[in-house]
Amino acid sequence: MSAETIAGISTDRLTAFAAREAAVYAKARPRALKALAAGAGNFLGGVPMHWMADWPMPHLPLVAKAQGARIEDIDGVKLDDFCLGDTGSMFGHSPAPVAKAIRHQARRGLTYMLPTEAALEAGRLLTDRFGPFRWQIATTATDANRFALRVARAITGKPKVLVFNGCYHGTVDDTFVSLENGRTVNSPGLLGQVNDLTQTAVCAEFNDLASVEAALAKGDVAAILTEPVMTNSCMVLPEPGFHDGLRQLSLKYGALLIIDETHTISSGLGGYTRVHSLRPDIFVVGKCVAGGMPTAVWGLTEDTAKRYHEADAKREPGRTGMGTTLSANPMQFACLVATLGEVMTPANYAHMEKLAERLSHGLAKVIDKHRAPWHVVRVGARVEFICAPGPLRNGTHAEDAHQPRVEAAIHTGLINRGTLIAPFHNMMLISPATKKAQVDRLVASFDAILTDLFPDLPKAN
């Protein structure tokens, strides 16, 4: 057997395991394979959205239905769903209050460019849940972040946004910059990007306040845009004092602080911002905020809203270039009211966090048992196992910790044992519908997989 290893696993053993699991997966889904062969050719690259091709299985399943924390494909294979649409369905698939709201509103119209009484109720609930912001509605968090940056530039008169190396803020062009030998550069792999993004963005390392201050001191940064926790590759937690430092530096150098909670809404009621008493100038959240209906919201503090109105009053006549026709439609408001009022509740978050703690503890115990050089991270209802030692400090560490071959094999192995997790990292979410038995099945499957991948190592007691 080869002496080479990846994340502590023999490469020969990993290769054999991956091939075996791929064969098991493909054998269980003949109907999906046949249907894809017949119909996928109508799509660019064979998939409706290009990143669907990045799932690690031999071919995609075709989903028949999903309910709560379970998903079923056309081959009749049922899975415990811990991916939950990569947060889009964090509160479960088709929560009953949201499904009821959709049925009710569908009979009254889908979009008409005018508000409803539900819109006013949604505004009240947003403030109740997340804090006293002045709200606007978008369709995706990408749009919300883009609009927030436009506002920040209008208010400050400065051109740049500061983001963190390895960050994720949807597909906002300005955020696709990276650090290369300490310099901000366009991130590698960008398709069709002809602009030099370093003219409007600067990159720093997460948890490195010195690098943040060095960038802000140049005087051209309109806003710091950050997640409270880095989530896109391998999860990176903020070090003590980091967020307080960001707030102080933003005030010192006249940059607005934008907190993007699109993934970290898992942290607890009100998101990481409210749970940890952060003080952003602009707050953004999307994905699951309306129970899975495509919706995002962004809000300005009272002072920031005042500055926005002052800047808006001074601009010359013409379109602002912000907003989309289908945003703030009545279906979004109906789903927002249902989610914020009946689904995003203290009781549901308590259930989610309790089971997430159980999952985190169970995965860590398995890792210790097999003496794998890995670790587990949890933020509220969000749990990740990371195939490298931890903790990680920044985006560079997270990128180095990412092990695509290992993760792809484990993901397929988990699917074959009845569990779906997020495809592009090792994220698992607990929903209000998730059961203890589902968590325990996931832990047991993880144990079985590591038993196969680490067979020759002495086991811990």
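The first residue of the sequence shown is numbered 1, and numbering continues consecutively from there. Only heavy atoms go into these numbers, but all of them, side chains included; no hydrogens, no water, no symmetry mates. This structure is a prediction, so every number in the text was calculated from the model and none was measured.
A distance of 6.0 Å separates CD1 of I282 from CD1 of I155, quoted to the nearest 0.5 Å. Rounding to the nearest 0.5 angstrom, the gap separating the CD1 atom in I137 from the CD atom in Q332 is 7.0 Å. Summarising the geometry, atom CE belonging to M352 is positioned 4.0 Å from atom CE belonging to M90; distances are rounded to the nearest 0.5 Å. In this structure, H411 NE2 and L420 CG are separated by 9.5 Å, a value rounded to the nearest 0.5 Å. Between atom OG1 of residue T273 and atom CZ of residue R279 there is a gap of 12.0 Å, rounded to the nearest 0.5 Å. One finds the CH2 atom of W298 at 7.5 Å from the CZ atom of F147 (value rounded to the nearest 0.5 Å).
Side-chain atoms of R378 do not come within 3.5 Å of backbone N or O of V383 as any donor-acceptor pair. Put simply, the side chain of T419 never gets that close to the backbone of L414: no donor and acceptor are under 3.5 Å apart. Without hydrogens or angle criteria, S187 side chain to V177 main chain gives a donor-acceptor distance under 3.5 Å. A donor-acceptor contact shorter than 3.5 Å is absent between the side chain of T175 and the backbone of T171. Within the 3.5 Å criterion, the main-chain N or O of G362 finds no donor-acceptor partner in the side chain of D447. With hydrogens and angles disregarded, no donor-acceptor distance shorter than 3.5 Å links the side chain of T345 to the backbone of E342. Side-chain atoms of N195 do not come within 3.5 Å of backbone N or O of L197 as any donor-acceptor pair. A donor-acceptor pair is defined here as one N or O able to donate and one able to accept, closer than 3.5 Å; no such pair exists between the side chain of N348 and the backbone of M344. In this structure, Q105 contributes its side chain and G109 its backbone to a donor-acceptor pair below 3.5 Å. For R382 (side chain) and T231 (main-chain N/O), a donor-acceptor pair under 3.5 Å exists by modelled atom type.
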task: Under the side-chain contact (heavy atoms from CB on, under 4.5 Å) rule, what do W55 and L60 come out as? Steps first, then yes or no, please.
output: CA-CA 7 Å; W55 281 82; L60 291 170; 3.9 Å; yes

message: Go through it in stages, so that I can follow the logic: the residues are H263 and D86, the test is side-chain contact (heavy atoms from CB on, under 4.5 Å), and I'd like the CA-CA distance, side-chain angles, deciding distance and then a yes or no.
response: CA-CA 8 Å; H263 283 165; D86 197 14; 4.3 Å; yes

task: Could you go through the side-chain contact (heavy atoms from CB on, under 4.5 Å) check for D80 and K435 one step at a time?
output: CA-CA 9 Å; D80 296 327; K435 308 298 184 185; over 6 Å; no

message: Walk me through whether V163 and F176 qualify under side-chain contact (heavy atoms from CB on, under 4.5 Å).
response: CA-CA 9 Å; V163 295; F176 284 92; over 6 Å; no

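Ionic pairing of R393 and E205 is not present here: no N-O contact between side-chain nitrogen and carboxylate oxygen is shorter than 4.0 angstrom. Salt-bridge formation is detected for the pair K306/E310: a Lys NZ or Arg NE/NH1/NH2 atom is positioned less than 4.0 Å from an Asp or Glu carboxylate oxygen. Between D143 and R146 there is a salt bridge, with a side-chain nitrogen of the basic residue lying less than 4.0 Å from a carboxylate oxygen of the acidic one. Using a 4.0 Å cut-off between charged nitrogen and carboxylate oxygen, E121 and R124 count as a salt-bridge pair. Salt-bridge annotation for D281 and R307: absent, with no side-chain N of the basic residue lying under 4.0 Å from a carboxylate O of the acidic one.
With 3.5 Å as the limit, one finds a donor-acceptor pair spanning the side chains of R247 and S250. Judged by distance alone, the side chains of T262 and D260 do bring a donor and an acceptor atom under 3.5 Å apart. No side-chain N or O of T264 forms a donor-acceptor pair with one of S267 less than 3.5 Å apart.
Environment of CZ in R108: crowded, with over 12 heavy atoms of neighbouring residues, nucleotides or ligands closer than 6.0 Å. Sparse packing is recorded around NE2 of H361, with 12 or fewer heavy atoms of other residues, nucleotides or ligands lying under 6.0 Å away. More than 12 non-hydrogen atoms from other residues, nucleotides or ligands lie less than 6.0 angstrom from CG of L114.
Under the 4.5 Å side-chain criterion, counting only non-hydrogen atoms from C-beta, P56 is not in contact with E407. With a 4.5 Å cut-off on side-chain heavy atoms, I224 and F164 count as touching. Under the 4.5 Å side-chain criterion, counting only non-hydrogen atoms from C-beta, F454 is not in contact with R371. Looking at K218 and Y253, their side chains never come closer than 4.5 Å, going by heavy atoms from C-beta outward. Contact annotation: the side chain of T87 approaches that of M427 to within less than 4.5 Å [non-hydrogen atoms, C-beta and beyond]. Here the side chains of I265 and K287 are not in contact, with every heavy-atom distance at 4.5 Å or above. With a 4.5 Å cut-off on side-chain heavy atoms, V236 and H397 do not count as touching. Residues V406 and W374 meet the side-chain proximity criterion, which asks for heavy atoms closer than 4.5 Å.
With M428 as the partner, the side chain to side chain contact (heavy atoms under 4.5 Å, CB included) test is satisfied by one option alone out of L359, L84, D81: L359. With C234 as the partner, the side chain to side chain contact (heavy atoms under 4.5 Å, CB included) test is satisfied by one option alone out of H375, H402, H425: H402.
For residues 158-167, the set of pairs meeting the salt bridge (Lys or Arg N to Asp or Glu O under 4.0 Å) definition, not counting sequence neighbours, comprises K160-D220.
G254 approaches T156 most closely through the heavy-atom pair O-CG2, 3.9 Å. Contact record, S233 with E384: O-OE1, 4.0 Å, taken as the closest heavy-atom pair. Between L216 and A255 the shortest heavy-atom distance is CD2-CB, 4.1 Å. Closest heavy-atom contact between A296 and A144: CB-CB, 4.2 Å. A pairwise comparison of heavy atoms in L14 and I9 identifies CB-CG2, 4.0 Å as the closest pair. Shown here for A290 and T339, the closest heavy-atom pair between the two residues is C-OG1, 3.1 Å.
Qualifying salt bridge (charged side-chain N to carboxylate O under 4.0 Å, His left out) partners for R405, counting only residues two or more places apart in sequence or in other chains: none.
Aromatic ring centres of F82 and F385 lie farther apart than the 6.0 Å criterion allows.
The aromatic rings of F206 and H243 lie perpendicular to each other, with more than 60° between the two planes, well past the 30° mark.
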